[in-house]
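To keep things clear, I will list the structure first and then write my remarks on it.
Every chain is numbered from 1, with letters handed out A, B, ... down the list of sequences. All of these numbers come straight from a predicted model, not from anything done at the bench.
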Number of protein chains: 2
Amino acid sequence: MMQDTPRPRRARRLPTTEELRIWRDFIETAETLRSELTARLQSESSLSSGDYAVLLALSEAEGHRMRSSDLASHIDWERSRLSHHLGRMERRDLIRREECAADSRGAEIVLTPTGLQSFRQATVPHLSAVRELFVDALTHEQLIAAGDLAATLRARLSVSGRRRGSAAQTKAARSDDG
Amino acid sequence: MMQDTPRPRRARRLPTTEELRIWRDFIETAETLRSELTARLQSESSLSSGDYAVLLALSEAEGHRMRSSDLASHIDWERSRLSHHLGRMERRDLIRREECAADSRGAEIVLTPTGLQSFRQATVPHLSAVRELFVDALTHEQLIAAGDLAATLRARLSVSGRRRGSAAQTKAARSDDG
DNA sequence: CGCGGCTGATTGACATGTCAATTATGTAGG
DNA sequence: CCTACATAATTGACATGTCAATCAGCCGCG
């Protein structure tokens, strides 16, 4: 728990082969996990994980509606990404855009009955998949370690990643999957 | 700290709130990490992480050339993805396609001088970023835990993820970043 | 040879993401 | 009021991914 790195602490050494191996394993596994979950969601519900994130947020919102901006920051998406995605979801009748009374620049995003139904049908299978591929795959200790890793890495990202307005919030910034 | 989930152990229970929180933190952190690394690579080298994966493989190949198919399986990409990507890289003069003497269906992908130079310029900054955002962010124990998690999750993916031909190799299947 | 099936690779259609404008509306100060 | 700037959201151009279809060259077998 004590030694951070034993030796060449002075200069800007590069990662060792072993460190790189772990890095690749880690990032590729996370990526594979994400893509497997996405594929299952898609085949079971015809929803992408982006759709799911939007629908989840709306389903929890008061009146099943939300300002576009608030939605974007809630799920931690760039606004233009959300705008494009909402266009696609609107075409599929999952959401609807309405004018906002309070601020006529704004739009309110409203969950449609179709959208709500799709979301409800997707929920249980999706959460089951999360359980199967993540929660149940790990021991309790590993699960705790996963949370710990995430927190540690996020902390590092939040101090050094202050470049583009990307993600890297200090607090967990939910996005997709839930 | 002890009880995993006290009760409904029999049926197909869904993840608890806490388990879901960890899941979201984990997957979103990995995603943020990936996107931060990608953004740095892009701004420092005008290379995407896809470009980097391809260039890395070619730079290590004999004669800086490789059959398209071998390249695809080496970096664990779908062939059509690789084909599209190579088209874009060829336009930027990072790689070149040549006919394959042995099998005239085939193509050999060749690293151009421009491609090699771009890759060489990208390497050190990229590995430094990996060190900064991942390796150095973690204690030795956490690093080991990360490797352990990856292996465990990958094992689960490889047995249950046998659906589409996606990733989920049993062994670490390098893709981007390196 | 010549058919049939496998393999290597590309293509087209479309979903998804990013970045840099652009449009339109709010708001503060003179 | 009116200009200057900030904010809400969309748009366009383009990079990246997936899937299914296609095209062409290999190979085995009668």
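- Counting non-hydrogen atoms of other residues, nucleotides and ligands closer than 6.0 Å to CZ of Arg120(B) gives a total of 12 or fewer.
- Overall, the helix from dC1(C)-dG30(D) to dG30(C)-dC1(D) carries an axis bend of 10° between its ends, with five pairs at each end and the value rounded to 10°.
- Between Arg67(A) and Ala101(B), it is Arg67(A) whose nearest contact on DNA chain D lies nearer the 5' terminus.
- Taking the six-membered ring where the residue is Trp, Tyr52(A) and His126(A) present tilted rings, their angle falling between 30° and 60°.
- Rounded to whole Å, the distance from CD on Glu90(B) to C1' on dA9(C) is 13 Å.
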What pairs of nitrogen or oxygen atoms, one from the protein and one from nucleotides 10-13 of chain C, lie under 3.5 Å apart?
residue	atom	partner	partner atom	Å
dT10(C)	OP1	Arg97(B)	NH1	2.6
dT10(C)	OP2	Ser83(B)	OG	2.9
dT10(C)	OP2	Arg97(B)	NH1	3.2
dT10(C)	O5'	Ser83(B)	OG	3.2
dG12(C)	O6	His84(B)	NE2	2.6

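- Distance Met66(A) CE to dA9(D) C1': 16 Å, rounded to the nearest Å.
- Taking the charged nitrogens against the carboxylate oxygens, Asp70(B) and Arg65(B) have no contact shorter than 4.0 Å, which rules out a salt bridge.
- Atom CH2 in Trp77(B) sits about 13 Å away from atom C1' in dT18(D), given to the nearest Å.
- Look at CD on Glu78(A): it is 16 Å from P on dT16(C), rounded to the nearest Å.
- The 5' end of DNA chain C is approached more closely, in terms of each residue's nearest nucleotide, by Arg91(A) than by the other of Arg91(A) and Ser104(A).
- At the phosphate of dA15(C), neither OP1 nor OP2 sits under 4.0 Å from any side-chain N or O atom of Ser48(A).
- For dT16(D), one of the phosphate oxygens OP1 or OP2 lies less than 4.0 angstrom from a side-chain nitrogen or oxygen of Arg88(B).
- Distances shorter than 4.0 Å separate some side-chain N or O of Ser69(A) from OP1 or OP2 on dA9(D).
- No engagement by Arg92(A) is indicated, since no non-hydrogen atom pair under 4.0 Å with the nucleic acid exists.
- Ring planes of Trp77(B) and His85(B): perpendicular class, angle over 60° (limits at 30 and 60°).
- Per the geometry, CG belonging to Asp103(A) stands 12 Å off P belonging to dT10(D), to the nearest Å.
- Here the P atom of nucleotide dT16(C) and the CG atom of Leu94(A) are 10 Å apart, to the nearest Å.
- For the pair Arg105(B) CZ and dT22(D) C1', the interatomic distance rounds to 15 Å; values are reported in whole Å.
- Note: NE2 (His85(B)) to P (dC14(D)) measures 17 Å, nearest angstrom.
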